[in-house]
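Below is one structure, written out as structure tokens, with a few remarks after it.
Note that this is a predicted model, so its numbers are computed, not measured. Hydrogens, waters and symmetry mates play no part in the numbers below; they use all other heavy atoms, side chains included.
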Amino acid sequence: MSDTFFFIVGMILTGIGLLLLAAKVRTYITCRVPIDATVVKLKKEYTQYCGVEHTHYRPVVGYVVDGKNYTEEAYFRTRRKTKYPIDSEMRISYNPRNPKEMRFVGHPFPLPMGLVLLFIGATLICCYFI
């Protein structure tokens with residue numbers, strides 16, 4: 001393959017990785033008003049791995065800001081149904097300008113994909129110069 005291919009693909013992957021990281025950091029910065037949200041339901045999901053079906057539970061939380069109700073699904077999930085019981089409280093932070101935008105406090109936001117793309121992109125760019 002051409003060395004230019006590594007450089008171009010590396011630049012694209014690095015750019016996408018940086019955009020993903022910037023979006024997550026922006027959400028972390030803008031969602032700064034803490035509030036308690038209530039788990040209103042558990043969304044059941046099924047995955048297959050090596051022919052075995054696994055059940056996961058993703059909490060859905062409800063919260064009220066200025067008299068308006070909001071409901072958001074978590075980006076994380078668990079295999080234990082009892083980890084996030086219905087009517088239990090979870091700490092969130094929301095964006096005061098756009099209360100629909102929120103993040104879960106105490107749960108790290110998903111950086112891995114942005115970091116992985118950034119690492120692969122940087123590696124490909126280094127391969128271009130070697």
#### Entry: Straight-line distance of I125 CD1 to C127 SG, nearest 0.5 Å
10.0 Å
### Message
Angle between ring planes, F104 versus F76, binned at 30° and 60°: parallel, tilted or perpendicular?
### Response
perpendicular
### Query
Considering all heavy atoms of both residues, which atom of P59 and which atom of Y84 are nearest to each other, and what is their separation?
CG-CD1, 3.9 Å
### Task
Mind checking side chain to side chain contact (heavy atoms under 4.5 Å, CB included) for P34 and listing every partner two or more places apart, or none if nothing turns up?
R91, S93
### Message
Quick check for you: to the nearest 0.5 Å, what is the distance between T38 atom OG1 and I92 atom CD1?
### Response
9.5 Å
### Query
Got a sec, which residues hit side chain to side chain contact (heavy atoms under 4.5 Å, CB included) with R79, two or more places apart in sequence or on another chain?
H54, H56
### Query
Under a single-linkage definition using a 4.5 Å side-chain heavy-atom cutoff for Ile, Leu, Val, Met, Phe, Trp and Tyr, are F5 and I8 assigned to the same hydrophobic cluster?
yes
### Message
Let me check something: do V33 and V64 share a hydrophobic cluster, defined by ILVMFWY side-chain heavy atoms less than 4.5 Å apart, either directly or through other members?
### Response
no
### Task
State, yes or no, whether a side-chain contact exists between V61 and M102 at a heavy-atom distance under 4.5 Å.
yes
### Message
Using the side chain to side chain contact (heavy atoms under 4.5 Å, CB included) criterion, which residues pair with V60? Sequence neighbours excluded.
### Response
V40, K41, K43, T71, E73
### Query
Only one of K81, K83, R77 forms a side-chain contact (heavy atoms from CB on, under 4.5 Å) with L42, so which one is it?
K81
### Task
Can you run down the side-chain hydrogen bond (donor to acceptor under 3.5 Å, both in side chains) pairs that involve residues 57-70, sequence neighbours left out, and say none if there aren't any?
E45-R58
### Query
Does G10 offer a backbone N or O that forms a donor-acceptor pair with the side chain of T14 under 3.5 Å?
yes
### Task
Write down the atom of P85, the atom of V39, and the distance for their closest heavy-atom approach.
O-CB, 3.6 Å
### Summary
By side chain to side chain donor-acceptor pair (under 3.5 Å), K100 pairs with (sequence neighbours left out) E72
### Message
Assess the residue pair M113 and K24 against the criterion (side chain to side chain contact (heavy atoms under 4.5 Å, CB included)); give the C-alpha distance rounded to whole Å, side-chain angles, the decisive distance to 0.1 Å, and a yes or no.
### Response
CA-CA 11 Å; M113 184 54 75; K24 292 301 176 189; over 6 Å; no
### Query
Which atom pair, heavy atoms only, marks the closest approach of I16 to L117?
CG2-CD1, 3.6 Å
### Task
Run through L118, I120, T123 and flag the one making a side-chain contact (heavy atoms from CB on, under 4.5 Å) with L13.
I120
### Task
Please answer: with hydrophobic residues joined when any side-chain heavy atoms are less than 4.5 Å apart, are Y75 and M90 in the same cluster?
yes
#### Entry: C31 versus R103, closest heavy-atom pair with distance
O-NE, 3.1 Å
### Message
Test of understanding: clusters of I, L, V, M, F, W, Y form through side-chain heavy atoms closer than 4.5 Å, transitively. Do L124 and L19 belong to the same one?
### Response
no
### Task
Not counting sequence neighbours, which residues clear side chain to side chain contact (heavy atoms under 4.5 Å, CB included) with Y128? List them please.
D3, F7
